[in-house]
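Note that ligands are numbered from 1 as they come in the structure, with each ligand's atoms numbered from 1 the same way. Count residues from 1 along the sequence.
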Amino acid sequence: MTAKSASEITRSPTTEKEHFDARSRMEELREQIRYHNYHYYVLDDPEITDAEWDTLFQELKELEETHPEFVTPESPTQRVGAPPQEAFGIVEHREPLLSLGNAFDGDELRNWHRRAASLADRTDFALVTEPKIDGLAIALVYENGVLAQAGTRGDGRRGEDVTPNVRTIASAPLRLRGPSPAQFEVRGEVYIPKARFEEMNTERAQRGEPLFANPRNAAAGALRQLDPNVTAVRPLALAIYQLGWAAGTAPSTQWETMAWLREMGFPTTPDADRHLGLEETIVACEAWIPRRDSLPFDMDGVVVKVNEFAIQRQLGIIGREPRWAIAFKFPPSEATTLLTRIGVNVGRTGSLNPYAILEPVHVGGATVKLATLHNEDDIRRKDIREGDTVVVRRAGEVIPQVVGPILSRRPPRRRRWRMPKRCPACHTPVVRPEGEAMAYCVNPTCPAQVQRQLEHFVNRAAMDIDGLGEETIADLLENELITDAADLYRLRKSRKALLSLRGYKEKKVDKLLASIEASKERPLAAVIFALGIRHIGSEVAAILAQHFGHIDAIATARREELAAIDGIGPVIADSVVTWFAGKRNRAVIRKLRRAGIRLEEIGGGAREGPLAGGQFIVTGRLEALTRNQAEAALKRLGGSVGGGVSKKTTALIVGEAPGSKLQRAQELDIPIWDEARLLALLREHRLDPAPSRPLASGSILAALRPRRRI
Ligand code: IVH
């Protein structure tokens with residue numbers, strides 16, 4: 001083909017001119033594409049749209065197809081297409097790739113600095129901080145401005161030649177901009193941004209392919225592909241953090257080197273910073289910790305480097321770790337451990353919630369023994385089996401998750417996990433409604449369900465009964481002092497029996513009985529919430545209380561009537577109707593009534609205080625108070641609090657991001673208050689805005705704990 005084109009050139013002068021034009025147009029296009037890549041990947045400031053970039057790229061591709069003799073290996077079109085290899089070649093690193101020592105807190109950084117300062121005989125040297133992106137180290141050699149070789153870390157001296165793979169990484173420059181040393185090496189990290197990782201796993205799940213455990217594993221898999229065409233479709237990214245070696249002159253500090261490399265077109269580690277003092281550096285390192293989960297990449301620490309190369313040389317290397325740099329490590333948020341067993345916990349509504357029992361492992365600053373497994377489908381999708389070594393992740397949220405098994409470490413003959421056919425607490429056959437992911441125990445007297453219901457009943461947003469933790473509830477159930485929530489109000493008569501239980505002293509018993517007594521005064525909304533009806537959270541409970549004013553009115557309301565209320569849909573309506581139709585549930589209401597629980601909303605006149613007779617609604621996120629605290633404060637001021645905005649509403653207390661209630665209030669001309677106004681009222685009446693008391697049990701974490709007695 002090339003020969004034929006060459007003969008054409010000699011044959012026809014016009015064709016020769018055409019060739020010349022095509023060739024210069026191709027150069028021009030490559031130049032433009034490189035320029036725009038630089039703006040996109042390095043400066044993070046694109047000048048053209050993706051579509052415009054595509055047009056340039058397409059034109060170049062077409063020209064290269066017609067004139068293959070002018071295709072250069074560093075052309076932007078040549079990132080893909082290299083044939084698969086049998087095995088990786090070896091690259092010898094001219095200078096070894098080093099490791100980093102770790103510091104786990106400020107004091108360890110101070111120790112490191114003290115040592116460096118004493119060796120350098122000065123304390124005033126500048127330090128650079130860079131995120132330690134959690135990917136794979138790569139060393140890139142450039143010759144005459146063109147990418148010549150890419151090697152993995154390997155053992156530090158010899159790595160694998162992954163040049164064709166690295167060429168497929170869009171942000172890895174194939175040809176540099178402007179002047180560069182004739183030969184030099186840069187080092188950096190190859191990684192997959194978190195968002196790309198999630199997309200990739202979602203697509204894999206849709207195709208029924210196994211999922212990657214984390215971005216790092218996915219990046220490692222992609223980089224070590226023998227077929228670069230597979231690497232090309234994986235969303236790898238590059239961040240350069242070091243100049244390995246260079247033939248020719250280079251800047252004399254880390255900070256300037258990074259700016260210099262950026263000029264050449266390298267994407268360097270984002271968010272690097274330079275500091276004059278150590279204490280300022282420590283503050284900078286610690287400031288990364290809370291930001292960690294919101295970053296676009298996984299990072300496992302901050303690298304602190306001495307800025308000046310002259311001092312770096314003075315400090316030298318000990319073993320394989322430089323004395324001039326250290327990694328400030330975050331508490332890891334992922335760890336591997338053995339999953340010994342999959343347990344099933346029965347929820348308040350009878351839902352069967354599988355959880356993993358783990359060999360205790362330290363992750364994200366806490367010891368984890370249990371992790372949620374969501375439901376049977378999720379376990380199957382991730383193919384988690386008992387006896388697997390699994391990756392456990394603890395992100396910002398409290399409940400640890402099992403990311404997935406490490407299949408290479410699965411012992412032989414492990415069977416897939418199945419949801420038990422019977423409830424683990426009461427042995428009633430399990431039901432999984434069609435279309436639902438959850439399986440349920442449908443026995444309303446299931447002891448596990450009753451325990452969970454009681455935990456919910458006493459929690460702070462519900463009946464707010466102090467001194468009734470998980471274990472106390474279990475004691476009461478086990479000793480048959482209660483069988484349901486309403487029985488709590490008969491405990492007064494069992495004072496003697498209570499005192500005979502181990503560890504139940506007078507003080508404890510009296511406190512408990514007093515707290516139960518006080519709960520009789522809880523507002524109707526709290527009582528409705530306490531009943532634990534599916535889909536009825538405290539907000540919906542407040543809407544129902546305000547709309548109906550009495551539990552009997554709710555109990556006899558028709559489905560359509562309920563569904564027509566603002567804030568209540570057909571699902572909630574169904575749930576309410578079904579609950580009140582239950583014989584056992586109706587018996588609980590009767591018992592509560594007999595016990596003297598207030599089952600109606602108190603009228604305005606019955607209250608005292610500056611807001612007596614007023615109806616208030618809190619919406620949006622307040623700054624100083626939680627929603628519950630604000631509502632409690634309004635009540636202490638004599639107001640009533642509830643649900644939907646109507647003409648009867650006295651005022652709407654508005655926080656940040658208020659939503660539709662604000663709009664409705666404005667339409668109805670309802671006065672709008674801010675939090676400051678409520679706080680001022682509280683101050684004026686010498687009321688504590690937020691009396692503190694920890695939440696009672698019944699938290700999600702409590703639900704995750706396996707039960708001892710049932
Ligand atoms: S400097 C001599 N800077 O961390 C110093 N390393 O144990 C050599 N890493 O696998 C490394 N981000 O690939 C340095 N900003 C950064 C880094 C970084 C990630 C990785 C590196 C190596 C490990 C060092």
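By the 30° and 60° cut-offs, the orientation of the rings of W53 relative to F57 is parallel. The aromatic rings of Y142 and F184 lie parallel to each other, with less than 30° between the two planes, well short of the 60° mark.
Between D134 and F297, every side-chain heavy-atom pair lies at or beyond the 4.5 Å cut-off.
Comparing L100, V190, D134 by heavy-atom distance to atom 7 (O) of ligand 1, the nearest is L100.
In K305, the part holding a heavy atom less than 4.0 Å from any atom of ligand 1 is the side chain. Contacts of W324 with ligand 1, taken as heavy-atom pairs under 4.0 Å, involve the side chain alone.
At distances below 3.5 Å, at least one donor-acceptor pair connects side-chain atoms of R79 with backbone N or O atoms of A172.
Distances from ligand 1 to the non-hydrogen atoms of R153 include at least one value under 4.0 Å.
For the pair E130 and ligand 1, the shortest N or O to N or O distance falls below 3.5 Å. At a 3.5 angstrom cut-off on N or O pairs, Q242 does not count as close to ligand 1.
Which parts of ligand 1 touch P322 is read off a 4.0 Å heavy-atom cut-off, strictly below it: atoms 2 (C).
The CZ atom of F309 sits 6.5 Å away from the CG atom of L243 when rounded to the nearest 0.5 Å.
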